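Below, chains carry the letters A, B, ... as their sequence lines are ordered, and counting in each starts from 1. What you are looking at is a predicted structure, and each value in this text was computed from that prediction instead of being measured.
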Number of protein chains: 2
Amino acid sequence: MNEADFIARLRDIATDPAARGLADDAALFEGLVLTHDMIVEGVHFLPDEAPQDVAWKLVAVNLSDLAAKGAAPLGVLLGYSLTGDAAWDEAFASGLAVALRRFGVPLLGGDTVRVPAGAPRSFGLTAIGRAPDGDVPSRGGARPGDRIWVSGTIGDAGVGLAMRLGELEPNETCLAAYRRPQPQLTLGQALVPHVHAMMDISDGLLIDAERMAAASGCRIALAMEVLPLSAALLAVRPDVLDTRLAAATAGDDYQLLFAADAGEADHIREIAEGLNVAITPVGHAAVGEGIVLTDHARRVALPDRLGFMH
Amino acid sequence: MNEADFIARLRDIATDPAARGLADDAALFEGLVLTHDMIVEGVHFLPDEAPQDVAWKLVAVNLSDLAAKGAAPLGVLLGYSLTGDAAWDEAFASGLAVALRRFGVPLLGGDTVRVPAGAPRSFGLTAIGRAPDGDVPSRGGARPGDRIWVSGTIGDAGVGLAMRLGELEPNETCLAAYRRPQPQLTLGQALVPHVHAMMDISDGLLIDAERMAAASGCRIALAMEVLPLSAALLAVRPDVLDTRLAAATAGDDYQLLFAADAGEADHIREIAEGLNVAITPVGHAAVGEGIVLTDHARRVALPDRLGFMH
């Protein structure tokens with residue numbers, strides 16, 4: 001049973017409207033947005049990752065789900081497994097303090113347990129946010145004709161991971177993207193009134209765009225040649241289609257993917273400029289299903305693997 | 001670093017009033033009570049436990065924290081680690097459905113991850129409840145002169161565990177107490193206006209009473225001879241002081257421990273009778289600190305181990 005099978009099984013019991021059919025990364029409840037994400041050693045982070053970075057990532061991946069709802073973070077609950085290594089635990093706590101301070105989010109509570117010796121480290125965080133006024137965007141609102149946008153640059157964290165694994169000459173920008181993802185909270189809040197659908201890119205642009213297409217009942221077409229790649233990524237990878245496909249399937253971007261009426265484009269650009277955040281139109285929604293890729297208007301076959309499955 | 005050390009470390013960053021100094025089992029937030037508890041294979045449940053029972057326990061231990069606040073459960077978020085055993089995962093999902101239906105609580109969302117092969121099973125649940133009107137009881141409100149009460153019977157789950165381990169001839173009552181703890185939600189909600197302090201007994205009566213004493217800045221005296229023991233427990237253990245001390249330190253009771261003005265006793269008895277729940281006065285709060293035990297008015301030394309430390 002994989003993640004999708006298990007979630008399908010749970011969907012039978014998550015019948016409350018607040019659960020949004022478990023099709024979203026967050027639940028909507030009495031004006032609050034609630035999300036719970038876990039990270040596991042060997043799956044979501046490397047065994048030799050710095051504990052401060054693990055703490056940062058745990059906070060950032062959860063706040064990124066709030067960002068995609070346009071929610072303002074209000075607090076978190078921590079589920080912590082003691083690792084049996086006091087220095088590691090202490091460093092994690094320090095990193096947690098730094099991350100929570102950075103995003104202005106209080107620790108409200110949680111649970112601390114010990115796990116048997118040798119078990120992989122595993123942590124959970126529940127983040128609570130204030131829902132924006134009006135409709136809270138889901139994955140499922142993209143409409144044929146919408147423009148599809150992404151924030152920031154794509155693929156840096158994937159290259160950062162390759163650097164961490166010794167496969168590429170390291171540079172700070174890509175390593176930082178991998179170690180210290182930045183949830184797009186301010187942008188998410190500002191975009192809410194202007195988008196039809198929004199989600200964060202956690203598992204890879206292609207797989208997440210496919211999820212948006214499925215939830216929206218439409219097709220999403222993405223133009224590979226316009227994907228925003230950073231100079232730091234292009235310093236270690238050639239600017240060819242394979243590099244772009246790798247960037248679009250690497251995951252861990254924690255950028256926003258959103259769909260909006262084409263007529264909103266100027267407004268959306270103004271908002272992003274005002275916040276000094278780069279955004280890029282990367283495609284459009286159409287009648288149909290699934291995702292289709294083009295490169296300079298030529299159709300490109302979908303890669304076997306659209307993103308990170310866990 | 002043990003649980004207490006780590007929580008002490010986190011307390012420095014949990015400065016928001018909603019966190020209640022991490023001294024409570026739940027956070028209080030905008031009229032909601034939030035709690036997150038984890039259970040780990042080999043620590044909180046046996047490796048051969050039925051998955052339906054594990055799911056029940058995960059729900060029950062979290063709802064028990066809500067019960068102690070007098071909160072009405074509104075929803076849960078699940079943090080699930082796929083076990084690599086599809087039948088186990090399916091049975092867990094079935095058990096989760098049963099438990100949530102039993103308590104009328106919707107599944108709102110959560111996260112599903114895979115863990116490396118061979119890792120112990122580990123699950124988290126965040127429970128959200130509606131805070132009662134007026135003051136929400138904490139551990140810390142007991143006052144000298146208060147009567148100290150417990151709900152139900154104490155020690156059944158501990159004996160149930162011993163039965164599961166083959167140490168005692170099994171009986172259904174004790175096994176059920178271990179496998180299917182019953183959070184005292186209705187009682188907790190009804191008691192709120194009448195108690196000074198309330199908490200659930202998760203780690204053992206003695207250790208939890210000591211926590212209440214510490215948080216309240218008073219001493220709690222407990223009379224061992226009046227501890228409510230079930231007929232099922234006394235069917236397999238002699239009614240001697242050692243049995244009572246074992247019951248008071250076994251943990252997993254998920255009964256309520258509460259402190260109330262002695263003048264409220266009649267009122268409290270009426271409430272419990274109306275709900276058909278047994279409650280028993282087991283001691284009183286006094287000036288001082290820590291807990292003191294007596295047996296038929298003779299002072300009893302504290303056992304080395306006051307409860308389950310995890």
Side-chain angles (χ1 to χ4, degrees), chain A residues 1-3 5-7 9-10 12-16 18-20 22 24-27 29-30 32 34-44 74-75 77-82 85-86 89-90 93 96-97 100-101 106-116 119-120 122 124 126 128 310, chain B residues 1-3 5-7 9-10 12-16 18-20 22 24-27 29-30 32 34-44 74-75 77-82 85-86 89-90 93 96-97 100-101 106-116 119-120 122 124 126 128 310:
Chain A
M1 190 175 268
N2 66 21
E3 182 184 357
D5 297 333
F6 188 72
I7 293 172
R9 180 65 185 77
L10 291 182
D12 299 339
I13 55 178
T15 51
D16 194 275
R20 295 183 151 204
L22 301 184
D24 234 19
D25 289 315
F29 191 74
E30 306 209 353
L32 298 178
L34 300 166
T35 184
H36 179 78
D37 265 6
M38 301 163 73
I39 60 175
V40 180
E41 177 182 6
V43 179
H44 304 90
L74 296 172
L77 304 176
L78 171 69
Y80 192 77
S81 302
L82 290 168
D85 175 343
D89 292 334
E90 166 61 35
L96 184 72
L100 293 178
R101 204 160 46 231
L107 176 65
L108 299 180
D111 193 23
T112 303
V113 297
R114 65 180 170 83
V115 295
S122 164
T126 300
I128 302 130
H310 42 143
Chain B
M1 192 174 266
N2 66 21
E3 181 184 358
D5 296 334
F6 188 73
I7 292 172
R9 180 66 186 77
L10 292 181
D12 298 340
I13 53 178
T15 52
D16 194 275
R20 295 184 151 203
L22 301 184
D24 234 18
D25 289 315
F29 192 74
E30 306 207 352
L32 298 177
L34 300 166
T35 184
H36 179 79
D37 265 5
M38 302 163 71
I39 61 175
V40 179
E41 178 183 6
V43 179
H44 304 90
L74 297 173
L77 304 176
L78 171 69
Y80 193 77
S81 302
L82 290 169
D85 175 342
D89 292 334
E90 167 60 34
L96 184 71
L100 293 178
R101 202 159 47 230
L107 176 65
L108 299 180
D111 193 23
T112 303
V113 297
R114 65 178 170 82
V115 295
S122 164
T126 300
I128 302 130
H310 40 147

Look up atom CG in A:Leu74 and atom CZ in B:Phe29, then write down how far apart they are to the nearest 0.5 Å.
4.0 Å
Return the set of residues passing ring pair (Phe, Tyr, Trp, His ring centres under 6.0 Å) with A:Phe6 (not counting sequence neighbours), or none when no residue passes.
B:Tyr80
Under the side chain to side chain contact (heavy atoms under 4.5 Å, CB included) criterion, do B:His36 and A:His36 qualify, and how do the steps go?
CA-CA 10 Å; B:His36 179 79; A:His36 179 78; 3.4 Å; yes
Check each of A:Thr35, A:Thr126, A:Leu77 against B:Leu77 using the side-chain contact (heavy atoms from CB on, under 4.5 Å) test, and report the only one that passes.
A:Thr126
Any side-chain heavy atom of A:Asp16 sitting closer than 4.5 Å to one from B:Leu108?
yes
So do the side chains of B:Val43 and A:Pro116 get within less than 4.5 Å of each other, counting heavy atoms only?
yes
Step by step, would you call B:Leu34 with A:Ile128 a side chain to side chain contact (heavy atoms under 4.5 Å, CB included)?
CA-CA 10 Å; B:Leu34 300 166; A:Ile128 302 130; 3.3 Å; yes
Check salt bridge (Lys or Arg N to Asp or Glu O under 4.0 Å) between A:Asp37 and all other residues, then give those that pass, not counting sequence neighbours.
none
For A:Glu41, is it the side chain, the backbone, both or neither that has a heavy atom under 4.5 Å from a heavy atom of chain B?
backbone
Between CZ of B:Arg114 and NE2 of A:His44, what distance do you get to the nearest 0.5 Å?
7.5 Å
Using non-hydrogen atoms and a 4.5 Å limit, figure out which bit of B:Val40 sits close to chain A: side chain, backbone, both or neither.
side chain
Report which part of A:Leu10 has an atom under 4.5 Å of a heavy atom belonging to chain B: side chain, backbone, both, or neither.
both
Contact origin within A:Leu78 toward chain B - heavy atom pairs under 4.5 Å:
both
